[in-house]
Amino acid sequence: MKTIDELLSEGVAGKRVFVRADLNVPLDGTTITDDGRIRAVLPTVEALAGAGARVVVASHLGRPKGAPDPAFSLAPAAARLGELLGADVAFATDTVGESATATVAGLADGQVAVIENLRFNAGETSKDDAERGAFADRLAALADIYVGDGFGAVHRKHASVFDLPARLPHYAGYLIATEVGVLRKLTDDVRRPYVVALGGAKVSDKLAVIDELLGKADRILIGGGMAYTFLKAQGHEIGTSLLQEDQLAAVREYLERAEKNGVELVVPVDTLVAAEFPDMKTKAPADPATVAADAMPAGQMGLDIGPETRKLYASKLADAATVFWNGPMGVFEHPDYAEGTRAVAQALVDSPGFTVVGGGDSAAAVRTLGFDENAFGHISTGGGASLEYLEGKTLPGLAALED
């Protein structure tokens, strides 16, 4: 895989460089609530622009239906990129049409443009190779060189991620190089004890990575909504908590295999419960009760790990040489259910080991709860991509950058 440093050594002045970034930021209307992914691509964009390239930044945002949708416009992300660069960033109101063509043609050396949301074109996500290829051909006409730096999308076989690199000289940007280097430390060169904390809503999203980690990790800590499927699999009452009943057999098998393999698979010993899900608009006080994980009332739902579980998980993380954390421990967006996630984040901050926050909601939680990002070894920009890499899958976007 060629890197951006090799590209810069060859010279890029006057060349149009297509940077596939991940600007898929959370929005409240047109207000960006977390610009972490935009800041993550800054080193690549700044290096290219500083070397005189004409930089064309492209990304997806959200899940539009293959047609323009103002709710998913990249205009706010383009404006924020300009603020962070301290320079004007041109914005094309389409992907490969008249606006994109004219905007790119108008770039001078060292200038940057952002084209509109790639998913406004059905060819970006099409499962038909010909349709994707046709869109990739039109994108290729906008550039001379391709730089892949959207790590959060490398697990997708999409036109701008998989097909476009085959049509242009291609290189890995700084973000992708960093992400891959970190993930190799979690797979090929692991320092032990290796502890993994997994949360989030659905156990089905984590089954494959748990399956892989049962042969690699020393401890796996379970939290979030997925924990209640584990508790149910152990025979406990979980009230109205989130349950994926179709995953119970798989979870029971994992619990048995963990014991057989000598892997500590740790589930909550207590939990915060309430009669209903909290009001996420007003964030009104929820007044949760704390109960033992094996004594949940039938009409209550679990919404966060309890204080004893927080202490337990902190102790399980204290001596870790390597930590990977993906998924919040509870409904962290509400202040009454944020303490479990805060406790795990603090344990990573306190850890002397190499700590990785695996993107997605975990990365958002770190920022929302006010932690210093530099206190962690690495905060990934791609939760799904990180998980699939750890599962041992071939990621289309990384394969496309290989020579």
Side-chain angles (χ1 to χ4, degrees), residues 151-157 179-231 233 242 244 246-268 305 313 316-317 320-329 341 344 348 353-365 376-399:
F151 180 74
V154 294
H155 58 315
R156 306 296 187 190
K157 191 176 181 180
E179 294 271 16
V180 171
V182 165
L183 288 170
R184 284 176 177 159
K185 291 183 180 180
L186 300 179
T187 53
D188 301 332
D189 186 24
V190 182
R191 291 185 294 139
R192 297 184 180 280
Y194 177 21
V195 184
V196 177
L198 296 175
K202 295 181 179 181
V203 68
S204 57
D205 293 341
K206 305 293 195 301
L207 283 180
V209 76
I210 294 172
D211 184 71
E212 186 71 16
L213 289 169
L214 283 172
K216 294 183 177 179
D218 297 298
R219 298 178 201 130
I220 302 174
L221 316 180
I222 303 294
M226 62 184 283
Y228 302 101
T229 299
F230 276 82
L231 291 170
L242 186 63
Q244 285 191 283
D246 61 334
Q247 305 298 333
L248 285 171
V251 169
R252 290 190 187 102
E253 193 272 327
Y254 287 169
L255 288 165
E256 293 171 3
R257 182 145 48 104
E259 185 174 2
K260 181 179 178 181
N261 290 355
V263 176
E264 287 187 72
L265 206 163
V266 191
V267 299
I305 59 174
Y313 285 11
K316 297 294 184 181
L317 290 161
T322 304
V323 180
F324 175 72
W325 170 35
N326 181 281
M329 296 291 108
T341 301
V344 168
L348 265 69
F354 179 60
T355 57
V356 179
V357 179
D361 287 339
S362 306
F376 303 88
H378 179 70
I379 299 179
S380 178
T381 57
S386 295
L387 288 175
E388 290 199 14
Y389 189 100
L390 294 182
E391 290 165 20
K393 291 183 178 179
T394 297
L395 307 188
L398 296 184

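In this structure, the side chain of T322 engages the main chain of R191 through a donor-acceptor pair within 3.5 Å. Of the possible donor and acceptor atoms, one in the side chain of D218 sits under 3.5 Å from a partner among the backbone N and O of Y194. For Y313 (side chain) and V266 (main-chain N/O), a donor-acceptor pair under 3.5 Å exists by modelled atom type. The closest donor-acceptor contact from the side chain of R219 to the backbone of K316 lies under 3.5 Å.
Note: M329 CE to L221 CG = 7.5 Å, rounded to the nearest 0.5 Å. Here L265 contributes atom CG and L198 contributes atom CG; the two are 9.0 Å apart, rounded to the nearest 0.5 Å. With values rounded to the nearest 0.5 angstrom, Y228 atom OH is found 12.5 Å from I222 atom CD1. Rounded to the nearest 0.5 angstrom, F354 CZ and K185 NZ are separated by 4.5 Å. Note that CG of D188 is 10.0 Å distant from CG of L183, once rounded to the nearest 0.5 Å. Considering CG of L213 and CG of N261, their distance stands at 12.0 Å, rounded to 0.5 Å.
Considering every non-hydrogen atom in both L248 and A233, the closest pair reads CD2-N, 3.7 Å. Closest non-hydrogen pair, A201 versus L242, comes out as O-CD2, 3.0 Å. Shown here for V196 and A217, the closest heavy-atom pair between the two residues is CG2-CB, 4.0 Å. The minimum heavy-atom distance linking V323 with L317 is given by the pair CG1-CD2, 3.7 Å. For the pair A363 and V357, the tightest heavy-atom approach, listed with the atom from each and the gap, is N-CG1, 3.8 Å. In terms of heavy atoms, P268 sits closest to L231 at O-CD2, 3.9 Å.
Within 6.0 Å of CD on E253 lie more than 12 heavy atoms contributed by other residues, nucleotides or ligands.
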Begin with the C-alpha distance, continue with both residues' side-chain angles, and end with the deciding distance and a verdict on side chain to side chain contact (heavy atoms under 4.5 Å, CB included) for R257 and D211. CA-CA 9 Å; R257 182 145 48 104; D211 184 71; 2.5 Å; yes
Intermediate values then yes/no, salt bridge (charged side-chain N to carboxylate O under 4.0 Å, His left out), E212 and K216: CA-CA 7 Å; E212 186 71 16; K216 294 183 177 179; 3.2 Å; yes
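Annotation: side chain of N326 is in contact with side chain of K206 (closest heavy-atom distance under 4.5 Å). Contact check for H378 versus E179: side-chain heavy atoms found under the 4.5 Å cut-off.
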Tabulate below the donor-acceptor pairs under 3.5 Å that side-chain atoms of residues 384-392 make, not counting sequence neighbours, or state none.
from, atom 1, to, atom 2, distance (Å)
S386, OG, S380, OG, 3.0
S386, OG, G382, O, 2.6
E391, OE1, K393, NZ, 3.4

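Counted by atom type alone, T229 and Q247 present zero donor-acceptor pairs between their side chains at under 3.5 Å.
Just one residue in the list I220, V263, L207 forms a side-chain contact (heavy atoms from CB on, under 4.5 Å) with Y254, and that residue is L207.
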